**Student:** 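There's a structure below that I have some questions on.
Along the sequence shown, residues are numbered consecutively beginning with 1. Quick caveat, the model's predicted, so the values are computed rather than measured.
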Amino acid sequence: MSVGGAPGGSDPVDLPPARRTRWRDQLRAEGGRGALIATVSTIVFLAVAVVVVVNSPGWDRVREAFFNAEDFRASFPDILSGFWVNVQMFMIAEVLVLMFALLLAVIRSVPGPVFFPLRALSTIYTDLFRGIPTLLVILLLGFGVPALDLQGVPDSDMFWGIVALVLVYSAYVAEVYRSGIESIHPSQRAAARSLGLSQWQSLRFVVVPQAVRRVIPPLLNDFVGLQKETALVAILGTVREAVREAQIYSTDTFNFTSYLGAALLFVLVTIPLARFTDYLIDRERGRRQANAG
């Protein structure tokens, strides 16, 4: 008999309609019980954690330093203004990463010995910038390039912070694109070539559009990370983004509640984006299962 996890060891497609309905109801019931157990256990864990923290000897000092309502209200307007700088950096970097990473992925996917030097350069670039921590790239570009005092080269910390983010995340996103390109069956490319399309036309009109649709969820996961790592640009000192504003307030008042305000803003952006990514992943999985059935 076939396998598939249905009652009696039968494949659900082969079951009679009534039995298939009971099987699906059973799966939904088991999923509901699992969700209930997970919710209750999470609530219990959080409650225990809160009790332990609140009753710890140093809680009063921590509450005053990190959870002070007055400091939160005082610091939040400047942090919110700084967070708009984070959003600007993220939006600019995201557009550039999407374009540059796709170029890298296409170069690595072009066959033939003529393109070997380009493939080798793309591979070296990807390995290099995936291996260097983002913070180091920001420091090297943000402090190193302006120190050269080159004519016509920008010396803005924000500019070089965005360049560093683009260089690093393009290496990661290029690999995501490449996995999508390689997931397209070779018959698609062969069919395009048989219709008279060139190698580049096959990639442009047949392979790449399908690949991009397949990798949208993992791309969004990378951009969740990119949005958070705009905070690393604060290390350059002059970019007044959210973390830098929180640091300035903390230095002036010796209170760390401002960092909580900055963290809250990042969470308010990243969590909806993460849930949207999960939705796209589930939708893509359901579409593939429907096509397979």
Side-chain angles (χ1 to χ4, degrees), residues 31 38 86-111 118-119 121-138 161-189 192 202-233 263 265-293:
N86 290 95
V87 173
Q88 289 177 306
M89 288 192 292
F90 166 68
M91 298 300 293
I92 295 171
E94 179 180 359
V95 173
L96 295 175
V97 166
L98 284 172
M99 295 187 296
F100 186 39
L102 182 58
L103 176 62
L104 291 171
V106 169
I107 289 174
R108 291 193 66 180
S109 302
V110 177
L118 292 177
R119 291 199 301 270
L121 287 174
S122 178
T123 302
I124 293 171
Y125 172 91
T126 302
D127 291 343
L128 179 65
F129 281 100
R130 290 175 70 194
I132 303 176
T134 307
L135 182 60
L136 289 180
V137 179
I138 291 174
I162 293 174
V163 170
L165 293 173
V166 170
L167 290 176
V168 172
Y169 271 84
S170 292
Y172 287 101
V173 173
E175 289 299 284
V176 175
Y177 276 134
R178 190 166 70 95
S179 67
I181 291 173
E182 292 182 350
S183 71
I184 305 301
H185 198 274
S187 62
Q188 298 280 326
R189 192 176 307 207
S202 300
L203 279 169
R204 178 183 176 186
F205 296 111
V206 178
V207 177
V208 170
Q210 296 182 71
V212 169
R213 285 195 297 270
R214 291 188 180 185
V215 300
I216 286 176
L219 281 179
L220 290 177
N221 275 325
D222 280 332
F223 288 134
V224 169
L226 173 61
Q227 200 278 330
K228 293 185 298 181
E229 292 205 346
T230 57
L232 295 177
V233 181
L265 289 173
F266 281 100
V267 167
L268 289 177
V269 172
T270 56
I271 287 182
L273 184 56
R275 297 289 74 78
F276 180 63
T277 302
D278 291 341
Y279 162 75
L280 291 179
I281 292 174
D282 291 339
R283 189 180 69 173
E284 180 66 16
R285 184 185 299 116
R287 186 182 66 82
R288 290 186 180 181
Q289 290 175 349
N291 290 338

**Student:** To the nearest 0.5 Å, how far apart are CG in N86 and OG1 in T230?
**Tutor:** 4.0 Å
**Student:** Look at the side chain of T126 and the backbone N and O of S122, then say whether any donor-acceptor pair between them is shorter than 3.5 Å.
**Tutor:** yes
**Student:** Under the salt bridge (charged side-chain N to carboxylate O under 4.0 Å, His left out) rule, what pairs show up with a residue in residues 170-187, not counting sequence neighbours?
**Tutor:**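 Sorted result for residues 170-187: R108-E175, R130-E175, E175-R178, R178-E182.
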**Student:** Rounded to the nearest 0.5 Å, how far does CG of L165 lie from CG of L96?
**Tutor:**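 Answer for the CG-CG pair, L96 versus L165, is 10.5 Å.
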**Student:** Measure across G180 and V215 and return the closest heavy-atom pair with its distance rounded to 0.1 Å.
**Tutor:** CA-CG1, 3.5 Å
**Student:** List the atom of T134, the atom of E229, and the distance in Å for their closest heavy-atom pair.
**Tutor:**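 Looking at all heavy atoms of both residues, the closest pair is OG1-OE1, 3.0 Å.
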**Student:** To the nearest 0.5 Å, how far apart are OG1 in T270 and NZ in K228?
**Tutor:**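 It is 6.5 Å, given to the nearest 0.5 Å.
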**Student:** Which value, rounded to the nearest 0.5 Å, describes the distance between L103 atom CG and L118 atom CG?
**Tutor:**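 Interatomic distance, L103 CG to L118 CG, rounded to 0.5 Å: 9.5 Å.
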**Student:** Between CD1 of I124 and CG of L128, what distance do you get to the nearest 0.5 Å?
**Tutor:**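 Answer for the CD1-CG pair, I124 versus L128, is 9.0 Å.
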**Student:** Under the side chain to side chain contact (heavy atoms under 4.5 Å, CB included) criterion, do R214 and I184 qualify, and how do the steps go?
**Tutor:** CA-CA 9 Å; R214 291 188 180 185; I184 305 301; 3.8 Å; yes
**Student:** Write down the atom of S202, the atom of A192, and the distance for their closest heavy-atom approach.
**Tutor:** OG-CB, 3.5 Å
**Student:** Taking all atoms of both residues into account, what is the closest heavy-atom pair of I138 and A164, and its distance?
**Tutor:**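 Shortest heavy-atom separation between I138 and A164 comes out as CG1-CB, 3.6 Å.
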**Student:** Okay, side chain of Y125, backbone of L167: is any donor-acceptor separation there less than 3.5 Å?
**Tutor:**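 Side chain of Y125 to backbone of L167, a donor-acceptor pair under 3.5 Å: yes, one is there.
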**Student:** Should F223 and Y169 count as side-chain neighbours, where that means a heavy-atom distance under 4.5 Å?
**Tutor:**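 Contact flag for F223/Y169 side chains = no.
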**Student:** By the definition side chain to side chain contact (heavy atoms under 4.5 Å, CB included), identify the one residue from I92, V97, L226, V95 that meets it with V166.
**Tutor:**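 Testing each of I92, V97, L226, V95 against V166, the sole residue satisfying side chain to side chain contact (heavy atoms under 4.5 Å, CB included) is V97.
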**Student:** Closest approach of A105 and A174, non-hydrogen atoms and distance?
**Tutor:**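 Shortest heavy-atom contact: CB-O, 3.5 Å.
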**Student:** Carefully, step by step, assess Y177 and L104 under the rule side chain to side chain contact (heavy atoms under 4.5 Å, CB included).
**Tutor:** CA-CA 9 Å; Y177 276 134; L104 291 171; over 6 Å; no
**Student:** How many angstroms lie between atom CG of L273 and atom CG of N221, to the nearest 0.5 angstrom?
**Tutor:** 8.0 Å
